[in-house]
Amino acid sequence: MANHAVTIPRRATYEDYLKFPEDGLRYELLDGEIFMTPAPSVPHQYTSKRVQRLLEAYFEGSRSCLVLAAPVDVILADVDVVQPDLVVVAEGPQITTRGIVGAPLILVELLSPSRPDYDRLTKSRRYAARRVPHYWIADPDQHTFECFVLEGDTYRLDAVAAGGETLAVPAFHGLVIPLGALWLAPLG
């Protein structure tokens, strides 16, 4: 297959996004601004896998929700296309062959030590603007887990835990997250 040069615009829409090169990198649009996300670390992937299993057991077991892991496009708007680490979708019609369309129930991001403000500030603002009801942030390096709930136009911290604590998520009765099981222990 021939390589074709693609010019990526300074500001983009979903139509532009579809033309981005298939180069193994993760691209996201936030308010039309293009962000490239490098490959995640091993602790990041381990934590993501563990959180995904917990969410699947809770949401797919007794509720009619679907839990998906990156990479999957979440098309919040024409200028907001993201690939969060984990997505919990409660509305069947949101699931399409091209991705998740609209605000899902929960978006989960695992912080990158090189760019914590990207998830904490940049993405948080766009997710709130696009009415994502629940936004959770896990930090595999600091061993923290935070659950935010949309209140008005911003997120309010609903629950937080650290280290080996157990986090009971107030918004979802019976959902408990044992943090000690989320963090990668040294091998050997």
Side-chain angles (χ1 to χ4, degrees), residues 8-20 25-38 40 44 47-48 51-52 54-56 58-60 63-112 114-140 144-160 167 169-172 175 177:
I8 298 176
R10 287 186 180 271
R11 294 194 56 77
T13 64
Y14 181 67
E15 185 177 322
D16 298 319
Y17 175 83
L18 293 174
K19 298 174 187 170
F20 288 3
L25 300 175
R26 274 176 40 187
Y27 294 95
E28 297 182 307
L29 296 180
L30 293 171
D31 197 22
E33 188 174 347
I34 303 162
F35 293 87
M36 190 280 297
T37 304
H44 175 286
T47 299
S48 180
V51 173
Q52 181 179 0
L54 289 166
L55 295 179
E56 285 172 343
Y58 181 82
F59 286 103
E60 293 182 357
R63 298 166 171 20
S64 57
C65 295
L66 180 63
V67 178
L68 298 168
V72 63
D73 286 342
V74 177
I75 307 156
L76 297 170
D78 193 45
V79 295
D80 288 307
V81 182
V82 294
Q83 292 188 12
D85 293 302
L86 296 165
V87 181
V88 178
V89 183
E91 303 290 329
Q94 289 185 284
I95 302 166
T96 71
T97 55
R98 62 185 187 154
I100 308 305
V101 178
L105 179 63
I106 303 170
L107 291 178
V108 182
E109 297 286 3
L110 279 72
L111 290 184
S112 166
S114 63
R115 301 181 344 162
D117 287 348
Y118 179 59
D119 292 318
R120 287 200 175 281
L121 302 175
T122 307
K123 280 190 167 182
S124 176
R125 287 182 190 128
R126 294 312 303 157
Y127 292 171
R130 295 299 174 193
R131 315 299 303 157
V132 175
H134 300 274
Y135 179 43
W136 298 352
I137 298 175
D139 187 336
T144 60
F145 201 104
E146 300 164 289
C147 299
F148 297 89
V149 63
L150 188 63
E151 215 171 70
D153 294 333
T154 60
Y155 286 109
R156 173 184 55 80
L157 184 62
D158 198 35
V160 63
L167 175 68
V169 182
F172 299 98
L175 176 56
I177 302 172

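No hydrogens, no waters, no symmetry mates; every other heavy atom, side chains included, goes into these values. Predicted model, so just to flag it, every value in this text is computed and none were measured.
Within the 3.5 Å criterion, the main-chain N or O of Ala103 finds a donor-acceptor partner in the side chain of Gln94. The backbone N or O of Pro116 lies less than 3.5 Å from no partner atom in the side chain of Asp119, so there is not a single donor-acceptor pair.
In plain terms, the two heavy atoms of Val74 and Pro104 that are nearest each other are CG1-CD, 4.0 Å. The heavy-atom pair separating Ala171 from Asp158 by the smallest distance is N-OD2, 3.7 Å. Residues Asp78 and Glu15 approach most closely at OD1-N, 4.3 Å, considering heavy atoms. In this structure, Gly102 and Leu76 approach most closely via the heavy-atom pair O-CD2, 3.6 Å. Of all heavy-atom pairs between Pro84 and Val87, the closest is CG-CG2, 3.5 Å. Arg26 and Ala70 get closest at one heavy-atom pair: NH1-CB, 3.8 Å.
Side-chain contact between Leu110 and Pro40: absent, with no pair of heavy atoms (C-beta onward) separated by less than 4.5 Å. The closest side-chain heavy-atom distance from Val51 to Ile177 is not below 4.5 Å. Put simply, the side chain of Tyr27 does not reach to within 4.5 Å of the side chain of Val81, judged on heavy atoms. At least one side-chain heavy atom of Leu30 sits less than 4.5 Å from a side-chain heavy atom of Val82. Side-chain contact between Ile100 and Leu66 is absent, with no heavy atoms from C-beta onward closer than 4.5 Å.
In this structure, Phe172 and Tyr58 have perpendicular ring planes: the angle between them is above 60°, well past the 30° mark. Taking the six-membered ring where the residue is Trp, Phe35 and Tyr118 present tilted rings, their angle falling between 30° and 60°.
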Show your reasoning for whether side chain to side chain contact (heavy atoms under 4.5 Å, CB included) applies to Leu175 and Phe59.
CA-CA 9 Å; Leu175 176 56; Phe59 286 103; 4.1 Å; yes
Steps toward side chain to side chain contact (heavy atoms under 4.5 Å, CB included) verdict (Leu55, Trp136)
CA-CA 12 Å; Leu55 295 179; Trp136 298 352; 3.6 Å; yes
Step-by-step side chain to side chain contact (heavy atoms under 4.5 Å, CB included) determination, Ile137 to Leu111:
CA-CA 7 Å; Ile137 298 175; Leu111 290 184; 3.5 Å; yes
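Here Glu56 pairs with Gln52, Glu60, Val67 under the side chain to side chain contact (heavy atoms under 4.5 Å, CB included) rule; sequence neighbours left out. Residues passing the side chain to side chain contact (heavy atoms under 4.5 Å, CB included) test with Asp31 are Arg11, Val79, Asp80, Arg126, sequence neighbours excluded. Annotation: ring-ring contact (aromatic ring centres under 6.0 Å, His included) contacts of Tyr127 (sequence neighbours excluded): Tyr135.
In this structure, Cys65 SG and Glu91 CD are separated by 8.5 Å, a value rounded to the nearest 0.5 Å. Rounding to the nearest 0.5 angstrom, the gap separating the CG atom in Leu68 from the CG atom in Asp85 is 13.0 Å. Summarising the geometry, atom OG1 belonging to Thr122 is positioned 7.5 Å from atom CD belonging to Glu33; distances are rounded to the nearest 0.5 Å. The OG1 atom of Thr47 sits 9.0 Å away from atom CG of Asp139, with the distance rounded to the nearest 0.5 Å. Atom CG of Leu157 and atom CD of Glu146 lie 6.0 Å apart (nearest 0.5 Å). The distance from the NE2 atom of His44 to the CD atom of Glu109 is 7.5 Å, given to the nearest 0.5 Å.
A salt bridge between Asp117 and Lys123 is absent, with no side-chain N of the basic residue lying under 4.0 Å from a carboxylate O of the acidic one.
Side-chain polar atoms of Asp73 and Tyr17 form a donor-acceptor pair below 3.5 angstrom.
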